[in-house]
Structures are given as structure tokens and as C-alpha cells.
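This report refers to the structure that appears directly beneath it.
Numbers for residues simply follow the sequence, beginning at 1.
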Amino acid sequence: MATYLLEHRHTAPKLCVSLFVFLFFVVGPITALSVGEARLVRSNTVAKVEVEDYTKYYNYVEMTRLLKFMAMKYPYIANLSSIGQSVQGRELWVMRITKDPNADVPGKPKCKYVGNMHGDETISRQVLVYLVNYLLTRYGEDPRITELVTSTDIYIMPSMNPDGFERSREGDCSGDAGGRSNAKDMDLNRSFPDQFDKINVQQEDVPEVTAVIKWILEKKFVLSGNLHGGTVVASYPFDDSASHKMQGYYSSSVDDNLFKHLALTYAKNHPVMRTGEPKCPDTPDETFEDGIVNGAKWYDVPGGMQDYNYLNGNCLEITMELSCCKFPPASELKKEWDYNRESLIAYLEQVHIGVRGYVNEATNGTALPDVSIVVAGINHNLTTAKFGDFYRLLLPGTYNVSAVATGYMSMTVVGVQVVEGKATELNFTLAPLGNEPTGGITVPFTTTTVPTTTSPPAQPEHQPIQPQDFRHHHYNDMELFLRRYSNRFRSIAHLYSIGKSAEDRELYVMVISDNPTVHEAGEPEFKYIANMHGNEVVGRELLLNLIEYLCHNYGSDPEVTQLVNTTRIHIMPSMNPDVCVGSIWYTGRNNSNNFDLNRNFPDQFTTITEPRQPETIAVMNWLKSYPFVLSANLHGGSLVVNYPYDDDKQGRTEYSKCPDDKVFKQVARSYSQENALMHKGHPCEDLYPSAFFEDGITNGANWYNVPGGMQDWNYLNTNCFEVTIELGCVKYPKAQHLPMYWDQNRRALLQYIHQVHRGVKGMVIDIRDGTGIPNATIMVEEINHPITTNLAGDYWRLLVPGTYHLTASARGYNSVKIYATVPEEGVELVDFRLTRVRSEPNGQAPKDPGATQDPAEEQFHSFIKDLSLGQGLEQLVQSTATESSFRYRRYKELSEFLRGLTLNFPKITSLHSLGQSVEYRTIWALEISNKPDEPETAKPKIRLVGGIHGNAPVGTELLLEFAAFLCINYDKNPTITRLINETRIIILPSINPDGRELAREKQCTSTVGMTNAHGKDLDTDFFGNASQRVVEAQPETRAVMDLILERGFTLSVALDGGSLLATYPYDKPVQPVENEETLKYLANVYASNHPKMHLGDTGCPSNVGNIPDGVLRAAERQSHMGSMKDFSVDFGHCPEITVYTGCCLFPPAEQLATLWAENRKALLSMLVEVHKGVRGMVKDKSGKPIVGAMIVLNGGVRVFTAEGGYFHALLAPGNHNIEAVADGYQQQRQEVVVSSYEAASSIIIEFDMDNRIFGLPREFVVATAAASMTALVVTACIIWCVCSAKSNQQKDGFHRLRQHRDDYEDEIRLGSKKSLLSNEFQDESESDEDTLYANANKL
């Protein structure tokens, strides 16, 4: 060994050097990569997404994840949306690829690719995903791709039939395994309206076709390709004929030569297709000249999509058959992509041939949509799009082209020259019909061509259309104005109400945007509010003028068009519509309840004691519902822009600076600088000669103190920055002066909207799947004002020019920091990619973050996320309307109704009796699930309870309707079907049937029927401890208690009446709530999905003041002992909330339909919420499930594992600690992250045997004990041996003494007693020295 060490000692430095090199070159780059993923990528040379996996097909879940990732990675050239759902509820994803994909701008023709129309023809699906990646990754690098994406609006749908794909089988070349048709067994390419025959198809059987038809008609595509499989050829219209001859009949369109050209463009770039000899095994002799064929000549296809596009949608479409085998092995994918890549690109470029241009109105330059473009000699017209733009594909040649529109003189341009490869520009100006001749105008063509990258044509210097009608609008007049503009300009204008005033007038808002009804990720939301003080009316009229100006100039004025396309602008002309204003200074300032609305908002420094007004509540909820970025509140009485803060702690008139003081000064100046009079800083010189505001702006508190103001509440409670603009010294000027106010403020109003595009904006993205992270926090260093991301993960943060250190953080994710420089003009794009925090039990190393989730579980997670974010639940409600006949049902009819459900829906329902009431009425429990008679402990279990008070039967009727709603929509609506399949729903519609029989309709406050037949309020009868109970439990209570004590419930919701709020435990007084955050969160979920409850102030006599968010701890409403929810939490280990559905206990039956509409979404939200939190399984090392293990949440709340070792607990969003305890096993700890929008992730807790003895490891104790026993045994043996040896020596000594008996006797005779004793006890062990001493004595 010494020799070995000597020989190898000199290798140690080499090993150290080698290790250093390894760490430098291997670990270093990995670290750099990790850091790099958190950085801002500002250049176009972004890392390519590695999606070109040619080893497998992407299933629906994988494709969805991949498309979302790419859309998030390239948000400024890619936008992913769904145009509808398949029969089984899968989204029909479309990736839009173009520069600025969230806006519609003129000058870019739209084209599309659709794949996988037949589910078992799968090459198209894959190559279109590859095409998406190819376009995105090469944009900015490849000039050809960059030009194509910049100049073209490209839409790609990889799968039109995702249900069919999931049924198909790889390697099935002929489609024998099924999958061609959709889930209703309908061939989608035989289900479109046909020109020769009526296609008898029910819309509900082909939702995919319905969605695509709507898409085609809305978008006005110019060019399209429909990708199929089964041979290799490009087929063009028409696909069928009037005779429907099966084969051989050439059915030509009037654009036949053009279609041939388009088909040849694809075929000649495909190495197999261009040969015309696909040589497919099933048709080896089939040939196609040049690789193309007329559809009907090949074989007759009625109801095909390509003919529908041409005849109804402005769009020329051909069908490309890509491979002989419909579903070839994945090993063929790379080859097929290589074959089709150039063809796909070259075909897209054909959208830029022919003629293109605009049609405008002659008198004012307004764009004219829906004008017919007629080419002489070709009997196929198309129409202009919303910008008045058109794109007419034509082959090179000379044409006479006309523009024809009802109400206008037609215009014809003769001799239009179309050249190869470039679009010829052709613009029309149409004059309205008047007294002029009606024969139309004919002009010669002046040759001009434009490359495909051109912008709209240069026009003479544009003069925007100004408002014409200046007058004071009373409420009804204003309402008609708004309705008229919303109806006339519906493509960009949408009218909605955020609530009602104190006198029930609608609080109208007009939203103006290119897509006004939805929030588009990346597009900021802006708002103007006016007339908050009823007698300050200039703002009201200016905003009506602004609506008129934006609507009339959209599409013709570049500035207006840009603002509308890139901003969602909300305009509220009147926040205080009740007041009859007069010309006196204070008349009509307050609302009809005589409260100043601008002193009515919660304040950071002062407690506002006045009751919150309905207008205030409506605006507060409005601001929480939209991701507003910037706002202005228009007032009157001075001439200045006033910015936060409006007050301070001391209530003094002094500068009260907010963290974003510089930003507010910037946006305030942007307005004042465009108003020459305001910018001078001397307002109302006649009234206030000494007043001066530098640059026409002022800090609010430095002007005068305003507690309870709206602008401060905006800033402190939302992401929105708001200023207050005083428009003039006269609050209610004469109508003749209104044009002057418009002239002074027009530029300022527009310039202020532009400010929403300053600072930084971007996305916060989950690096794992590319999805946006909602409610992530964006923090700017040294500015103590965080903002949060919207539902899609997008954010906007206003900042002045400069360099900033930004941090993005979110619960359950590692924070990311980044530097960003805000330019002098415009906005800086800053995206964050966050990684999830991963923790493992007992401090173990985290598992590989790249480990893939089970596809079924991942799909379910996506399902829950879609329902939790955006409009998911709202869309579900809208898509599941059922015919209902509402009335109150007494016990007998209720029982018959429940039995009827089980008879009509036996596969998903089961009815059980829990017991009987005092008067022997059955307490029914209805279970709804896909396996109602099986325990299925792995599924979450929700309990819905009604009728605990018989005089409040609304809950009973809502639960009966909810049960019918679920059953009727099962197997009809895919979302409802999925929820039922994944959930155990237990409904107890009436647990106090005796009290219900006594109660009477229209008794809003009566207590008759509240108690059971013994006069007992059942909600005071739930006691778990015998010591707390004075008398025996009521039979109704006992029945429900037994159900609760079965455990296994994840959530319980009880419906009651007499108020409008949601309460959470405890009802008992002075009771600490261990899990209050979670219980309050669950109540908030219900209330936030109720249209009124979340407002918190409903006017119910039983409500005391305003209840924030409509949620209250139960004891604060009315404390009492023995409540059902307290029992559920303490003894059933299940969270329960109580929902009070309305002020009236027993309202008229006519109100039930409204109450159902109000509560349906909230009830559905509970079915979604029950799938969140944390769930998992507890087992031992051998894999055996452990039943009855205790799961302790955050050191307090406990749940127990059921059969199979399963557990599920709901938790508020955030980080939580879990401890698992079971007898005989070591305690396990784990940290979990719970999201508000994600399904519970499944965790596995694996127990080791508990080897501890006296708190010490078993091995240590056993080893110590064994060592101790060994030592004891050895010691005992030694002692025994020593004692044994001494005993033998003593016996030998006595023997020798007896042999010398005579000596003893002599000594006795001598009388030497001492000597005798001395010898008596002498043995051989004595030393020689002792012997000599003894002998000497003898002598």
C-alpha cells in the first residue's frame, strides 16, 4: 500500500487540474444556461425552440403545450387562440403569425393552412407544427421569412379534428383503426354547405365545421391550403358537380387557370408530387399530370371545405394530399417535412400576386368595407375588408376592374396591368349617389406596382373628421347616442354597463378597440371617466365627442387607427347620471343620495364613514375586473391636471408624494402641454387671480386635501395610474361654447392615451410549459409600488425613460431579476421566464424538473386551468343553457323529482336515505358521478346542502336545478361531462323537510318553518362532544352528522337565505381559526363568481354596512354554538362555507330563475375549486397504502387518508407545510405550492418504519444494548473464573493442613492459640516471605 501511494502521489495535482477543467467546461456552461434563461432577450437572434422532434407524433396535450410555449416565447409575432371546440371539448387551436399579431392593420392579406381535417391523416398535423416553428425561429434571421411574416397575416390550424386524431393509430395507412371522422362519426369534409346539394347535418354534430365556417366568414382570408393524406397530389375546385358523377367529370370554376397555377406552385416544389406518380401501394398505377388534379374529376366530394371557401369566403383554397400512408410511422416525419417545407413557403407567397388596394369614400376619405370588386370576364367577385382593403389574386395579364357598392357610384379602372411576382396597386374612391348620373365612372389605369411589403397607399394630407353635434346630452339622449354608435361601428365599438346608479340608471361604458369584446394579451387597457360630479359636464360632452371622433376616423386617420388597434379604450361619459344639473355652482354635484362620489372611496390616511354608494361600488369592482394601466378622471372648476396623492396623514395642504411621482408628472404634462391655455398655468384668472400651476399640473394634496378620492384608490388598489383633469373654470358652460372645449382638448385627449404605451411591458412565463403566470408581481427597485400580471401573464409598467432593475416573482416560482432601459419614446419589451420551486420530502434532492407528467393528468391540469382563468367558466355557463320551469316543491314533489333523476340518469345518479325527520320524512342524499355506487376514494368529494332552515327554501330549489342541470348536460357538454367524471357530488337538497312544510312563500322575514318539528334550530344542534350537548341530537342532525363523520369530503357548501354574502367558520364566538386563510379564500371564490355578492353592499336589512368582497367570518354576522359548518371543520375535517343567496328568506317563485342565473356560475366554480389544493397517496416502502394516516397542514388542520391511502385537502394559494404521521412509521415532512388556477398536483408520501427507541435510532440502541450485554457476559465469566480458581486453592490448603494433624496437636499443647489461627487460614497462595515469617514465630 505504501508503494502504491508513493507511486500515485504525483497524480493528485493532475486529478485536481482535470476536475477544475471539467467544472469549468461542463458545470460552467450549465450555470450560464440557467442564468441565461432568466435574461431578457432583446435581439432577434433568440434561441430556437427545439420542437422539431421527428421521432414522435404530438398528441393533443403535447401539441397544446408546444403551441402555447411558442406563442409565449414569440409574443410579438405569434398569437395563439382557439376558434372553438371539438365534440369532446378539445380546443381548435390557431396560431397567428405576423408582425404585431394582436392587432388588425391594413395592408396585410390573410392566408391560412388547415391540417388534420381527417383525424387519421396525420402528416399535415406535424408539418404544420414544424412550419410554425420554422417561421418563428427564422424571423429576423432569414430575409425571405422575415419579409413573409412582416407582410402577411398567416393563420395555421394544425388540427381541425383533434378527437379523431386521438382515436387513430400510428402505422395505420388505410384508416382501418378509425379516426377519420369526428367524435360524432361525421366526415368533416362532407359537412360544409354545398352549391349543388343540401347537406343535411346538425350543427351540434359538427361543432368543428361550425367554428371554421364562422372563422372563414369573419376573417376574409385571401388564400388557403387544406392538408390531407392518402396519396400525393394537389387538388383544386370544384370538388363536385351537379351530376355528381363519381369520377372523370371536370368541374371547373371561373378561376380555373388561377387554381391550376396555385396547385402547380405547391406541386412543383414537392419532389414526389411534381412527378405525378405517387406510386401508392393501394393504387400503384394512379397518376396525376404535373401532380395536380381537378377535385371532381378525381372523385366527387359534396360538402367539401375548399369549395365553401371559394364560394362564400373571398378565399381561394386547394387541397394538398401529402403522403400515401395516412398515418405513417414517426420515422417518416423528417422526410415528409423536408418534402413539404419549400412548397408550404412558396404557396404562402402566392397571396401577394394579382391586384390589391383600398376603397375610400370620396367626400371624407372614410374606408368602405364590403364593396364588391368585380373583374370583367371573371364571374367571381370578392368584397373589401374593414379597412376598405382588398386582395384579388390574378394571373399576369390586362384586366378591367370595378368597385361597386350600394349607395355609391361605381368606378371602373380599365387596362389594369398585372405582372408576375408583384401585386399591382389599385385604389378606388367612390362618391355617394346624389343628383349625379348613375352610370358610374370609368378611368384609364396608370401603371403602378408595389412590392408585397408596402404600407397603405399615400393619400393627400389627411384631415380627420371632426364631431358635428355639440349639445348637452341628458341621460336618455346620451343612452341613445351610445347605442347608436355601438350598433353602427360594432367592429370596433361595444357598449356595456358596469352597474347601476342610486336611481337604477345604467353606468354605461363604451369600449373602442379592434377587438372590443375581449382582452388581448399584450394590449393595454385604458379608461376615461367623466361627470363624477353631476354639475361638471364638460368632460361628459368631450367623451361623447371622443367616441364620435374615434369611430369616424378609424381606418382613415393613421393616429386613430393605431390607437384603436393597439389599445383597448374604455370610455365612461357619466359616473353620476342621476343628477339634474343646473348652472349654479354646487347644484347637482353629489349623487342622488347627496354623497360626493369623490370623497367616497376607501382612503389610505382617513377612515371614510359615509356609506359606500352604488356608483362607487360599481366602479371599484369594474377596476378589479379589467387590467387597466392608465386613466383620467375628467372634472371642471379649474384648468389643471392633478396627480396623486390627493391627501396626507396630517390632512394639511402640502405636497404628498407617491412612489411614482416622476411618472405622474410625465403623464400629467403630456396632457397639459397639448392644451395651450392649461399649460400656461394661470387658470381662471378672473376667479383666482393668484392661482398658478407650473406647466399646468399640480400634486393633489399640494392644491387642497381630498380624502376618499378615486385617483388615489386606483393607484393603491389596482395596477392603474389615474390623474384628475380639470377642464375649465365654468362647470356647466353654454352649449355654444362646447366646440371651443373640443378644440382645446382634442389633441390632449389623444396624446394622453398614447402614454399608456410608455415604460415596460411583456409577459411572465412558466419556463416549463410556456404558459403565462397570472398574479405575478413586477417590482422596480427603489420604487415601492409593485404591479401584477393579468390572467394571461401579461403586464404593463409605466416608467419614465431610464435604466431600471426589475424583479418578477410569483408564488411557487423562483424570482428573476433583470435590467431594462426605457427609451425616450415607446415601450421596452421585457419578458420573464420563471422556474418553479421544487421541494421534496425531508430535504431530499429535487427530482429532474424535466420529468414529464402523466399525459392524462397534464390534460386535466390544462382543463382546470382553462376553467379557472379568463372567461372559462363564463363560456361554460353560456354554452349550457337549459330550459327550466322554476317553482317551489314540497316534500312529496321533491322526492318524486329526485327519483325521476335516478330513473332518467341511472348511470350517473344514486339516491340514498340518510335518515328521517321528526315527522318521518326522509333526508335524501343524491350522488352524481360516473360511478355513483363505487367509493372511488381517489376522487374529490363535494357536499352541497340546502334547507337547514325550512323558511329559506331557495337553496333547496337551486340544488335541485343544479342536479338537473348536471345530469341533462352529461354526455352533451364535454366540460360538464369531465367534471362529473372526475368528481363525487353529494347533494342534500333539504335537511329540514318538516320546517319547509310550514313555511310560506313571499315571507321575507318570517321565522315560521325555520326550526324542525321539535322547535329546534338545526344549525345550533351540531355538537361533537357529549359534554357540550344538553339533550339528544335531533334526528335530522344525527343523520347529517353521521354523513359528515364518514369523512372523505373535500369541500362542503351550504345554501341559506336572508342575506347576500358568503360566510366561513367559525360560528362559535371567540374561536381562533387555524385555517382561516383557506376558509376565507373558498368563500371568496364563491362570492367573486356571483354578480352581486362580491360587491359587498346589497342593501339587505340584515347586512351591517359594507362587507368587503361579500365575505365575512360567520361569528361576525351572528355567533352561536352548534353550527353545521363548525362541526364539519372540527369533526369531519372538511371545510364548509355558508352562502346566503338573497335578502328575502322565501321570495316569490318568479324570482327563482334570476337567483339561479346569479348562482349557477358560482356553484360550478365550487366543482372546479374542489380539484385544487393538495392531494396524494401515503404508502410504505413496499408500496402498501396506509389508511388512517394523519396529514397535518401547516401544523394545525388535520385530514386523514382514506382507502387506498388517498388524501385531498384544499388550501389557499401559496406555500404550505405538510406533515404525515402514522403509528409505527417515521414522520414525513414536505412543502407544497398551491396555485389559484391549477389542479392539485399529486404527491406520494412514502413512509419508513419508525426505528427510533427512546428518541434514538433503532440501530444505535440495538448495537449499544448488544455491546452492553456482551460486556456484562464477559465480566460475569471473568468473575466466575476468578472465584472458581480461589475456591480450588482453598480446598487444597485445608487438605494439607489435615495431613499435618500432629503439628496442630503439638501447637495446641504448647497453647499457641495465635499460631494455630495463623496456620488454620494459611493457603498455598501465601508468599515465601510470609511462610518464613510464620516459621520464625514458631521458633
Side-chain angles (χ1 to χ4, degrees), residues 39-42 75-76 100 102-103 513 519-528 562-563 565-570 623 626-632 641 643-644 657-674 697 711 714-723 748 750-765 772-790 792-809 816-832:
R39 288 185 182 153
L40 165 67
V41 182
R42 292 185 178 84
Y76 309 108
D100 196 5
N102 296 310
S513 182
H519 170 75
E520 295 179 290
E523 185 170 287
E525 308 264 350
F526 174 93
K527 64 181 168 71
Y528 272 130
Q562 180 195 11
L563 284 175
N565 284 340
T566 60
T567 323
R568 197 169 178 217
I569 305 166
H570 302 252
L623 301 189
Y626 291 85
F628 290 115
V629 181
L630 183 62
S631 173
V641 181
Y643 56 88
K657 186 177 181 180
C658 76
D660 281 291
D661 193 64
K662 291 181 180 178
V663 174
F664 276 112
K665 286 180 179 178
Q666 174 179 275
V667 298
R669 285 195 184 96
S670 74
Y671 193 98
S672 69
Q673 287 171 352
E674 295 291 340
I697 68 174
Q711 71 176 12
N714 269 267
Y715 180 66
L716 293 168
N717 295 277
T718 74
N719 289 339
C720 186
F721 290 45
E722 180 172 282
V723 301
L750 296 174
Q751 186 59 36
Y752 189 74
I753 299 175
H754 281 293
Q755 302 308 301
V756 80
H757 296 284
R758 304 291 296 271
V760 294
K761 72 172 185 177
M763 303 287 299
V764 180
I765 299 166
I773 302 173
N775 298 317
T777 299
I778 307 297
M779 193 73 189
V780 182
E781 194 172 87
E782 299 182 357
I783 301 179
N784 185 24
H785 184 73
I787 57 103
T788 57
T789 56
N790 187 40
D794 46 344
Y795 76 92
W796 307 262
R797 211 312 177 178
L798 300 182
L799 290 167
V800 299
T803 299
Y804 299 89
H805 195 187
L806 308 178
T807 301
S809 57
V816 169
K817 296 182 179 181
I818 207 168
Y819 282 98
T821 299
V822 175
E824 290 293 329
E825 295 292 335
V827 66
E828 177 75 349
L829 306 177
V830 183
D831 290 338
F832 295 90

Spatial distance of atom CD (Glu520) from atom CD (Glu525) [nearest 0.5 Å]: 9.5 Å
Side chain to side chain, Lys527 and Val756, heavy atoms closer than 4.5 Å: no
Reported CG-to-CD distance for the pair Leu798 and Gln755, which is rounded to 0.5 angstrom: 8.5 Å
Nearest-0.5 Å distance, CD1 of residue Ile787 to SG of residue Cys720: 12.0 Å
Within-4.5 Å side-chain heavy-atom neighbours: Ile783 and Arg797: yes
Approximate separation, where rounding is to 0.5 Å, of Leu750 CG and Ile569 CD1: 8.5 Å
With Tyr752 via side chain to side chain donor-acceptor pair (under 3.5 Å) - residues at least two apart: none
Flag side-chain contact, heavy atom, 4.5 Å: Val629 against Asn719: no
Set of residues satisfying side chain to side chain contact (heavy atoms under 4.5 Å, CB included) with respect to Val827, sequence neighbours excluded: Lys761, Leu829
Pairwise distance OG1(Thr777) to CG(Asn775) - rounded to 0.5 angstrom: 8.0 Å
Residue list, ring-ring contact (aromatic ring centres under 6.0 Å, His included) with His519, at least two apart or on another chain: Trp796
Qualifying residues under side chain to side chain donor-acceptor pair (under 3.5 Å), relative to Thr567, sequence neighbours excluded: His757
Which atom of Ala776 lies closest to which atom of Val764, heavy atoms considered: CB-CG1, 3.9 Å
From Leu563 atom CG to Gln751 atom CD, the distance as rounded to the nearest 0.5 Å: 9.0 Å
Heavy-atom donor-acceptor pair, Arg758 side chain to Pro801 backbone, under 3.5 Å: no
Over all atoms of both residues, closest heavy-atom pair of Asp794 and Gly522: OD2-N, 3.0 Å
Audit row: Thr803, Thr821, side-chain hydrogen bond (donor to acceptor under 3.5 Å, both in side chains) steps and yes/no: CA-CA 4 Å; Thr803 299; Thr821 299; 3.0 Å; yes
Verdict with supporting geometry, Tyr795 and Asp831, side chain to side chain contact (heavy atoms under 4.5 Å, CB included): CA-CA 9 Å; Tyr795 76 92; Asp831 290 338; 5.6 Å; no
Criterion side chain to side chain contact (heavy atoms under 4.5 Å, CB included) on Val760 and Ile778, from CA distance to verdict: CA-CA 11 Å; Val760 294; Ile778 307 297; 5.8 Å; no
Shortest non-hydrogen contact from Gly762 toward Tyr76: CA-OH, 3.5 Å
4.5 Å side-chain heavy-atom contact, Lys657 and Pro644: no
Heavy-atom closest pair, residues Gly772 and Pro774: O-CD, 3.5 Å
For Val800, all residues meeting side chain to side chain contact (heavy atoms under 4.5 Å, CB included), sequence neighbours excluded: Lys662, Val663, Gln666, Tyr804
4.5 Å side-chain heavy-atom contact, Thr718 and Phe628: no
Minimum heavy-atom distance between Ala820 and Leu806, given as atom pair plus value: CB-CD1, 4.1 Å
Heavy-atom side-chain proximity of Met763 to Phe832 below 4.5 angstrom: no
Val723 side chain near Leu630 side chain, heavy-atom distance below 4.5 Å: no
Within the 6.0 Å centroid threshold, strictly below: Tyr626 and His570: yes
N-O pairing of Glu523 and Arg568 below 4.0 Å: no
Phe721: ring-ring contact (aromatic ring centres under 6.0 Å, His included) partners, not counting sequence neighbours: Phe664, Tyr715, His785
Donor-acceptor pair, side chain of Asn790 and main chain of Pro627, under 3.5 angstrom: no
Within-4.5 Å side-chain heavy-atom neighbours: Val816 and Thr807: no
